[in-house]
Amino acid sequence: MFRQCRTVLRRLRDLSLQGRNPWRWNSSSAAQRALQYEAGQKIHGFTVQEVTSVPDLFLTAVKLTHDGTGAQYLHAARDDKNNLFSVQFRTTPMDSTGVPHILEHTVLCGSQKYPCRDPFFKMLNRSLSTFMNAFTASDYTMYPFSTQNAKDFQNLLSVYLDAVFFPCLREMDFWQEGWRLENENPQDPSSPVVFKGVVFNEMKGAFSNNEQVYAQHLQNKLLPDHTYSVVSGGEPLSIPDLTWEQLKEFHQTHYHPSNARFFTYGDLPLEQHLKQIHEEALVKFERTEPNTAVPPQTQWTNPREGHVTCSPDSMAPDPTRQNTVCVSYLLADITDTFESFTLNLLSSLMVSGPNSPFYKALIEPKIGSDFSSVVGYDGSTRQASFSIGLQGVAESDIESVKHIISHTVDDIIANGFEEEQIEALLHKIEIQMKHQSTSFGLSLASYIASCWNHDGDPVKLLQISQHVSQFRQCLKDNPRYLEDKVQQYFKNNSHRLTLSMSPDDSYLEKQAQAEDSKLHQKTQSLTESQRQDIYKKGLELLSVQSATQDASCLPALKVTDIESTIQYTPVQISTAGCVPVQYCEQPTNGMVYFRALCSLNSLPEDLRDYVPLFCSVITKLGCGNMDYRQQAQRMELKTGGMSVTPQVLPDLEDLDVYEQGVLLSSSCLEKNLPEMLHLWTEVFNSPHFDDEERLKVLVMMAAQELANGISYSGHMYAMTHAARCLTPTADLQEAFTGMHQVKFMKRIAESPDLTHILRKLPRIKRHLLNPDYMRCAVNAAPQKVSDAAVQVERFVGDIGSNRKERRPVRPHITERVLDPHASPGSSQSQKLISEPHFKPCQMKTFFQLPFPVNFVSECVRTVPFMHKDYGPELHGNPVSIPWWCGVGKIWKVLPTGHR
């Protein structure tokens with residue numbers, strides 16, 4: 001989020017290899033090497049269609065087609081060792097049985113070449129993958145992985161290809177992953193017969209989230225003619241209508257190379273990818289004509305309205321205001337890449353940040369707690385949509401919200417947007433193009449997926465600089481270009497849906513009754529013999545799940561496949577006015593990255609719970625001579641974002657030692673570094689803590705976001721809370737990010753008077769934003785490090801008035817040197833909290849929440865990272881310990897009824 005220039009070079013005849021990885025070329029530029037390919041060239045069963053340089057992303061895009069099957073292929077050659085592969089299929093179900101979702105799960109349960117169960121999970125300790133997963137969207141299913149090791153790429157590619165094209169699709173796997181009838185206690189034939197299954201329970205969990213319920217209904221009702229009118233993930237009461245035979249038929253028609261799109265990314269040579277994909281999979285198929293295309297939605301002649309209900313949310317900031325209302329507009333086809341770019345940009349101007357018209361009209365009057373769960377531009381369907389509305393609305397205000405939306409559209413058409421707002425958004429796009437991330441390949445695959453899925457040109461989608469230039473020309477030719485788009489797509493658009501949602505006290509009871517009715521329908525005619533068969537199948541599945549699986553068929557890395565040396569990243573530790581600063585020279589593509597960690601050691605205990613709130617509002621209240629709107633505009637014009645987050649860093653050697661602080665993070669173009677550091681100076685020296693109305697808006701939005709996230713991230717909340725009694729680090733994490741913080745923010749949001757909060761924020765600021773307890777880090781291009789050092793020195797000097805020595809609240813402080821290679825006595829140190837008297841204890845906790853799905857977590861205190869047993873303990877048995885996270889803890893999370 002790039003000017004097209006096509007170059008054709010003579011093919012390189014002599015290629016040399018280096019190192020242990022047989023695929024890596026001995027050349028400095030993967031993008032340059034890819035320019036050797038020519039349109040019409042034949043490579044391992046594929047034909048090159050076009051070769052395009054995308055200089056803004058430092059990559060070369062190579063489009064190919066498989067001769068035998070018509071499979072589409074896109075390779076993005078780029079100097080990135082984190083190579084990625086993905087294959088996606090256009091999956092367009094016509095019912096809500098969840099067949100594409102269940103198929104996504106089931107193909108991962110073993111294949112012809114690798115028949116062991118759960119080969120993906122078993123590859124975790126046989127691979128150096130940086131990412132492995134699969135996704136089911138409304139109209140496609142994607143299977144991506146990434147790795148930095150060439151041999152590992154071959155291994156994973158073999159497993160993925162066999163999984164998607166030649167899965168076992170055993171009936172028992174369908175029972176486990178999809179749905180089945182089984183005794184509630186599989187070992188007790190007299191226990192009731194109930195529905196079970198991974199996807200069945202997963203979707204019950206998904207629809208326990210009111211945001212998900214609303215989003216699903218909105219899509220189904222806005223696009224009612226074809227596949228978008230159903231639930232691709234599966235509606236829980238429709239899932240039991242799916243049969244094993246229908247699953248296999250869907251795989252046969254949809255998981256065919258003629259319906260596939262392959263994407264590879266990184267610095268590994270394209271030829272080896274093509275050879276392996278052709279020989280291991282595609283050569284075994286013949287071309288078909290898949291009937292999977294999504295036709296355009298028929299345009300409505302009149303707007304429509306709808307209403308749905310949901311479960312009441314006991315964690316809502318205001319229990320008396322739980323209605324949602326939203327207006328959604330059908331827009332252009334997403335394969336028109338420039339129109340999509342324009343509408344996406346227009347959406348951001350309309351809803352993003354406190355300077356946008358809909359933020360001013362809907363959020364600031366506090367009619368609702370936040371924007372509706374679906375807001376802004378959505379390009380995930382063949383025809384995009386734009387939605388705007390509010391959640392946390394009183395029933396009496398619903399009509400008022402509709403009127404405000406209509407009036408705001410008229411106001412935008414009449415008054416347009418300020419030039420500075422447009423420039424800030426274009427600056428944001430420039431930042432996004434220049435930003436280098438470790439998961440860039442995955443982001444690229446996700447970015448092009450929807451457009452490519454509907455036969456749009458994925459390469460055109462990448463040429464954003466070209467789109468920006470075209471956009472600027474459109475504005476120059478027609479100063480009312482954006483206003484005309486608003487008139488076309490919003491004011492004069494009859495294909496718009498107004499959807500409201502209100503809580504129903506009997507919602508969960510009705511859901512339970514509907515499930516009981518469905519179960520009765522499935523079981524009422526069962527004979528005794530059929531019930532015995534259900535019992536035996538349950539025992540059989542339990543036996544298979546409990547048996548040790550032979551994973552010897554799976555590929556694994558050898559020691560010789562792994563580089564013997566670790567790439568060293570040199571850093572320089574210096575000081576700026578006695579503040580330790582780490583400088584790291586990196587190819588940042590014209591960006592500078594700044595971070596600062598400010599210690600919490602002197603913060604009084606009574607202020608601890610307020611730290612997350614302080615972090616979320618400190619850059620949004622205004623500072624210096626700027627109010628919050630001016631501050632937001634300045635941040636968008638001069639930075640890639642400024643954030644403050646709580647940090648709890650466990651020690652690598654002792655579970656009872658940790659560092660606590662808040663992390664300041666920001667980035668900018670090299671030319672804007674002085675302005676970015678000046679903004680931080682203003683935040684340190686003169687933040688505004690006097691606008692209670694603004695604080696109320698931010699508190700309500702934060703509390704609503706936390707409440708909405710419980711059902712979606714219940715496993716994370718369970719894990720965090722289960723760990724709190726085992727280490728002091730985990731105890732602090734629970735206070736900052738767990739259920740403790742959710743309840744704390746709910747109490748604040750319910751308070752009619754926030755003056756007591758406004759009085760606490762300056763106290764927190766005096767303890768946190770203190771250069772005496774801060775260290776910084778800067779990443780910049782080698783030629784810009786010295787300039788950055790000058791600016792950081794000036795920044796530290798400008799915030800010097802905040803210096804004040806404060807005693808740590810905790811009595812036990814442990815010091816660790818920041819630079820272990822420095823001579824004794826010459827290095828700066830970090831001050832960690834030690835809890836020598838901390839006593840781990842066992843605790844069982846139950847949170848009663850209004851969801852039909854439960855989350856259970858078990859956490860065990862183990863050893864710190866540097867302990868000799870750390871590796872074997874945490875990596876030796878991924879079957880019995882399926883999820884672990886954090887230093888020194890093992891977490892096991894089991895959604896109830898998962899299997």
Side-chain angles (χ1 to χ4, degrees), residues 21 81-87 104-111 113-136 141-164 167-168 173 176-177 198-199 202 266 268 438-439 441-442 445 544-563 566 715-716 719 857-860 862-863 865 867 869-895 898-899:
N21 291 335
K81 291 185 177 181
N82 195 25
N83 289 265
L84 177 128
F85 164 86
S86 81
V87 58
E104 174 221 312
H105 280 241
T106 313
V107 301
L108 306 183
C109 291
S111 60
K113 191 174 180 180
Y114 307 109
C116 64
R117 295 174 61 83
D118 294 332
F120 273 43
F121 290 109
K122 290 179 174 60
M123 283 299 292
L124 291 177
N125 65 345
R126 307 168 74 89
S127 164
L128 293 175
S129 65
T130 54
F131 185 85
M132 287 178 64
N133 213 330
F135 310 108
T136 300
T141 306
M142 175 188 285
Y143 297 84
F145 73 77
S146 61
T147 179
Q148 298 186 49
N149 183 281
K151 180 61 177 175
D152 197 31
F153 193 100
Q154 283 182 307
N155 293 345
L156 290 169
L157 181 56
S158 180
V159 173
Y160 268 62
L161 289 174
D162 210 58
V164 298
C168 294
D173 296 329
Q176 173 182 280
E177 301 298 325
V198 175
V199 171
E202 180 183 335
L268 294 177
T438 56
S439 59
L442 181 62
V544 171
Q545 291 174 340
S546 304
T548 301
Q549 296 294 315
D550 181 9
S552 60
C553 62
L554 292 170
L557 288 175
K558 301 176 182 177
V559 173
T560 53
D561 296 323
I562 303 171
E563 294 286 352
I566 299 175
H715 60 297
M716 296 301 299
M719 290 159 62
S857 173
E858 179 182 6
C859 184
V860 180
T862 58
V863 294
F865 184 81
H867 193 280
D869 293 333
Y870 177 81
E873 282 288 334
L874 291 185
H875 298 290
N877 192 355
V879 176
S880 61
I881 306 167
W883 292 280
W884 67 271
C885 180
V887 174
K889 293 182 287 293
I890 297 175
W891 277 310
K892 185 161 57 178
V893 185
L894 304 172
H898 188 65
R899 294 292 184 186

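These numbers were taken from a predicted model, which means no experiment stands behind them.
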Nearest 0.5 angstrom please: [X] [atom1] to [Y] [atom2], how far?
| X | Y | atom1 | atom2 | answer |
| --- | --- | --- | --- | --- |
| Leu157 | Gln154 | CG | CD | 8.5 Å |
| Ser127 | Phe153 | OG | CZ | 11.5 Å |
| Thr136 | Met142 | OG1 | CE | 11.0 Å |
| Leu268 | Lys81 | CG | NZ | 10.5 Å |

Salt bridge (charged side-chain N to carboxylate O under 4.0 Å, His left out) partners for Asp152, two or more places apart: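 With neighbours one apart ignored, the set is empty.
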By salt bridge (charged side-chain N to carboxylate O under 4.0 Å, His left out) - contacts of Arg126 (at least two apart):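 None.
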Matching residue for Lys151 among Ile562, Leu557, Thr560 - test: side chain to side chain contact (heavy atoms under 4.5 Å, CB included):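 Among Ile562, Leu557, Thr560, the one that satisfies the side chain to side chain contact (heavy atoms under 4.5 Å, CB included) with Lys151 is Leu557.
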Sole residue of Leu156, Leu442, Leu84 in side chain to side chain contact (heavy atoms under 4.5 Å, CB included) with Ser146: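 Of the listed residues Leu156, Leu442, Leu84, the side chain to side chain contact (heavy atoms under 4.5 Å, CB included) partner of Ser146 is Leu84.
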Partners meeting side-chain contact (heavy atoms from CB on, under 4.5 Å) with Pro167 (sequence neighbours left out):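 Once residues adjacent in sequence are excluded, the partners of Pro167 under the side-chain contact (heavy atoms from CB on, under 4.5 Å) criterion are Val107, Leu169, His251.
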Which residues share a side-chain contact (heavy atoms from CB on, under 4.5 Å) with Ser158, sequence neighbours left out: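 With neighbours one apart ignored, the set is Lys113, Tyr114, Gln276, Glu280.
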Step-by-step side-chain contact (heavy atoms from CB on, under 4.5 Å) determination, His105 to Glu202: CA-CA 11 Å; His105 280 241; Glu202 180 183 335; 3.4 Å; yes
What closest approach, in Å, do [X] and [Y] show between heavy atoms, and which atom pair accounts for it?
| X | Y | result |
| --- | --- | --- |
| Pro555 | Met123 | O-SD, 3.6 Å |
| Cys116 | Lys122 | SG-CD, 4.2 Å |
| Gly110 | Pro119 | N-CD, 3.5 Å |

Quick one: side chain to side chain donor-acceptor pair (under 3.5 Å) partners of [X], sequence neighbours excluded?
| X | result |
| --- | --- |
| Thr141 | Thr91 |
| Ser111 | Asp162 |
| Asn155 | none |
| Ser552 | Asp550 |

Side chain to side chain, Pro144 and Met132, heavy atoms closer than 4.5 Å: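 No - every pair of side-chain heavy atoms lies 4.5 Å or more apart.
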Residues Gln148, Asn83; criterion side-chain contact (heavy atoms from CB on, under 4.5 Å); working and verdict: CA-CA 6 Å; Gln148 298 186 49; Asn83 289 265; over 6 Å; no
Verdict with reasoning, Tyr143 to Leu108, per side-chain contact (heavy atoms from CB on, under 4.5 Å): CA-CA 10 Å; Tyr143 297 84; Leu108 306 183; 4.0 Å; yes
Set of ring pair (Phe, Tyr, Trp, His ring centres under 6.0 Å) partners for Phe85, sequence neighbours left out: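 For Phe85, the residues satisfying ring pair (Phe, Tyr, Trp, His ring centres under 6.0 Å) (neighbours in sequence not counted) are Phe145.
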Any donor-acceptor pair under 3.5 Å from Asn82 side chain to Gly266 backbone: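 Here the side-chain-to-backbone pair does not exist.
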Glu177-Thr106 side chain donor-acceptor pair, cut-off 3.5 Å: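 No donor-acceptor contact under 3.5 Å links the two side chains.
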Gln176-Arg117 side chain donor-acceptor pair, cut-off 3.5 Å: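 On atom types as modelled, these side chains qualify, holding a pair under 3.5 Å.
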Verdict with reasoning, Phe120 to Tyr160, per side-chain contact (heavy atoms from CB on, under 4.5 Å): CA-CA 9 Å; Phe120 273 43; Tyr160 268 62; 3.4 Å; yes
